[in-house]
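Notes follow the structure.
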Amino acid sequence: MEFFLSGVKVVMARKYWQHIAFLMFGAAALLFFYSYMHRLHPDVAYMDSLRLLGYFDDSETGKKSIFSTWNQGQHRWYIGQFFVYLNAKFFDYNIYLSALSSGFPIVVTGLLLSYEQFRTISKIEKFEKSPAIVYFLSFVTFVSLFSLANWEIYSLDVGAALFLKNCLVLLYWMGVDRALRNEISSPVLNGILLFFTPILLLFFVGGWVYAITISTMCCVLLSRPSTDAAKAFKKRLLLLLVLSLACYVLGKYFPVAAGIGGGYAPPGLVFKFSNILESFVLGFSSIFIGGETAVEIKISIAVLFSIGVFCVLALVFLLVNLFNLRDRIPFIPVALILYSLLTLAAISIARGGFDPVAIMSSRYYMDFSLFFVSLLWLSIIVFGNNGVKFASAKVLMLMMLPLLIIFFVGQFYTGLGEWKKAPYRNAYFQEAVNVTLGGVKNSNDVAILQSDDYSARNGVEVQRKYGLGPFA
């Protein structure tokens, strides 16, 4: 008994018990995710997956190597193609299994972020003995990551690849942060990080390379390494980031993979520069509530725009206070905010110029879902730091309060709405399964599979030929 009690004391003294809360949040989030996925039950290839199946056939028949498909037009990478290839090769193209696997990179991302939040906040004197605020931030993180606003990406077999991409970027940033602070002093580990830089940017992140590279470069430039080894790492990393981005840009001259169409130009819509700013601001509101849900509960564009404007004002006020911290600014939340802003801007230009509300689509949520989490994270750090005037920090935290209320209310309605709609979305998947089994006969079948005519017909025939998906 004494041995057991002494063991408990050691665990409590070392604060291992504090991380149990993070594991509990992760387990609860996974349970919720799998319960939802059981209702949604996506089990059919549609959209881009049908085109990617064509690459599997080309590789199996020896027509073209899967490595020749790097240039995907808007994306130059391998992660999507390889996910489909490996699933088809070893699992008979089990779409539901692949969709379920999305939960693992998401929960790992949540646990990594929770650890980083604990590391950066618990060392602040004001929160050292009371880490409850860290648990609350971790809870907000998991709510954001597992939001049902993500439903469209959850339903795709390549969704797991996209969530893995985000998880790898976070791990990379954590490594870079530690190398710059000389917490990783091993030349071998630093070398691995540098070696991984072009691999990550050229093969794993696709069209997000610009936002990720610029975010990383900004945070690296803001860093103040104190040792010669860390300073040398900083110079080498910046050079590699520039060279990797240059290689990606030049990659547009690499042969384009089969089935890649032209640019985005929705029928009946005209590109307007005035729409870009509106789209950018509306993008912030989509962090709090799903686009479809906002329409269903009749929230006006004016209200959504106001939420976005208030979010921008909170960001500006945070940045003003953040400069007082100087070299104590944490790497990860700043990188996440920069990444979210750059992605918002890119989507606003590419899609919002045609339709400002398009940015609130489910498929874009995952790219800036952590903006509010990072905003709250930095606000807590500012509030707890003695280098910032208390009155100013208090105003910042008061600005977070209405945003928190809007976030929880919006996520509740989004989750409730998507939970109720899951059986109806499953009915669509069953209709798509019937089209796949019966073959693509007309334009209506193509529309159901949400693909172009060639990719829809070819993707269905590839599944039939190899006994994949519904044919397994």
Side-chain angles (χ1 to χ4, degrees), residues 21-49 83 87 91 93-114 138-167 286-297 360-370 372-373 406-433 450 469-470:
F22 305 147
L23 294 174
M24 290 175 64
F25 290 151
L30 267 182
L31 180 62
F32 170 73
F33 173 76
Y34 288 129
S35 299
Y36 171 72
M37 291 299 286
H38 179 71
R39 288 172 64 84
L40 186 67
H41 204 91
D43 55 356
V44 66
Y46 71 113
M47 290 185 13
D48 287 347
S49 298
F83 252 75
N87 191 1
F91 301 100
Y93 199 47
N94 189 324
I95 288 130
Y96 185 50
L97 177 65
S98 184
L100 285 178
S101 68
S102 294
F104 291 100
I106 302 174
V107 80
V108 170
T109 300
L111 292 172
L112 290 172
L113 283 170
S114 296
S138 175
F139 176 70
V140 173
T141 301
F142 278 104
V143 169
S144 185
L145 284 171
F146 281 93
S147 170
L148 297 192
N150 261 327
W151 75 266
E152 191 171 4
I153 305 298
Y154 292 157
S155 71
L156 294 170
D157 60 309
V158 293
L162 299 176
F163 290 115
L164 177 61
K165 176 260 297 180
N166 285 355
C167 187
S286 70
I287 298 167
F288 299 88
I289 186 167
E292 288 186 27
T293 303
V295 173
E296 288 160 5
I297 62 177
M360 298 189 73
S361 173
S362 171
R363 70 190 64 181
Y364 302 128
Y365 174 80
M366 68 175 292
D367 293 319
F368 33 82
S369 60
L370 291 172
F372 177 63
V373 171
I406 295 168
F407 174 79
F408 282 118
V409 172
Q411 290 296 334
F412 171 77
Y413 275 105
T414 300
L416 183 63
E418 288 302 330
W419 186 269
K420 290 179 178 179
K421 282 185 282 188
Y424 300 101
R425 298 202 190 280
N426 177 257
Y428 157 73
F429 296 135
Q430 293 313 305
E431 187 179 5
V433 167
Q450 299 183 44

d(Ile289 CD1, Tyr365 OH) to nearest 0.5 Å is 11.5 Å

Could you tell me whether a side-chain N or O of Thr414 sits under 3.5 Å from a main-chain N or O of Gln411, the two making a donor and an acceptor? no

What's the shortest heavy-atom distance between Ser101 and Ala160, and which atoms? OG-CB, 3.4 Å

Using a cut-off of 6.0 Å, state whether more than 12 heavy atoms not belonging to Phe139 lie near its atom CZ. no

Is any side-chain heavy atom of Phe104 closer than 4.5 Å to a side-chain heavy atom of Leu164? no

Do Gln430 and Asp43 come close enough that some side-chain heavy atom pair is under 4.5 Å? yes

Residue pair Leu370 / Ser144: nearest heavy atoms and the distance that separates them: N-OG, 4.4 Å

Run the side-chain contact (heavy atoms from CB on, under 4.5 Å) test on Leu145 and Thr109 for me, step by step, so that the C-alpha distance in whole Å, both residues' side-chain angles and the decisive distance to 0.1 Å come before the verdict. CA-CA 8 Å; Leu145 284 171; Thr109 300; 4.2 Å; yes

To the nearest 0.5 Å, what is the distance between CD1 (Ile287) and CE (Met360)? 10.0 Å

Determine, stepwise, if the pair Leu112 / Val108 fulfils side-chain contact (heavy atoms from CB on, under 4.5 Å). CA-CA 6 Å; Leu112 290 172; Val108 170; 3.9 Å; yes

Any chance you could measure Thr293, atom OG1, to Tyr413, atom OH, to the nearest 0.5 Å? 11.0 Å

side-chain contact (heavy atoms from CB on, under 4.5 Å) between Tyr46 and Asp157: does it pass, once the steps are laid out? CA-CA 9 Å; Tyr46 71 113; Asp157 60 309; over 6 Å; no

Quick one: CG on Leu156 to CG on Asp48, what's the gap to the nearest 0.5 Å? 8.0 Å

Mind checking whether Ile106 and Asn150 have side chains closer than 4.5 Å, heavy atoms only? no

Which residues pass the ring-ring contact (aromatic ring centres under 6.0 Å, His included) test with Phe372, sequence neighbours left out? Phe288, Phe407

Taking all heavy atoms of Met366 and all of Arg363, pick out the closest pair and write down the distance. CG-O, 4.4 Å

Salt bridge Glu296-Lys421, side-chain N to carboxylate O under 4.0 Å: yes

Where do Glu152 and Ser361 land on the side-chain contact (heavy atoms from CB on, under 4.5 Å) test, with the steps shown first? CA-CA 9 Å; Glu152 191 171 4; Ser361 173; 3.8 Å; yes

Is there side-chain contact between Leu40 and Ser155, with at least one heavy-atom pair below 4.5 Å? yes

For atom CZ of Phe91, is the number of surrounding heavy atoms from other residues, nucleotides or ligands below 6.0 Å larger than 12? no

Would you mind reporting whether Ser49 and Val158 have side-chain heavy atoms less than 4.5 Å apart? yes

Could you pull out the closest heavy-atom pair between Leu148 and Gly415, with the gap in Å? CD1-O, 3.5 Å

What's the shortest heavy-atom distance between Ala149 and Gly290, and which atoms? CB-CA, 4.5 Å

Which is it for Tyr154 and Glu418 under the side-chain hydrogen bond (donor to acceptor under 3.5 Å, both in side chains) test, yes or no, and what are the steps along the way? CA-CA 12 Å; Tyr154 292 157; Glu418 288 302 330; over 6 Å; no

For Ser114 and Ser138, work out which heavy atoms get closest and say how close. OG-OG, 2.7 Å

Pairs under 3.5 angstrom only: tabulate donor-acceptor contacts from the side chains of residues 25-39 to other protein residues two or more places apart or in another chain.
residue : atom : partner : partner atom : Å
Tyr34   : OH   : Leu100  : O            : 3.3
Ser35   : OG   : Leu31   : O            : 2.8
Arg39   : NE   : Trp419  : O            : 3.1
Arg39   : NH2  : Trp419  : O            : 2.8

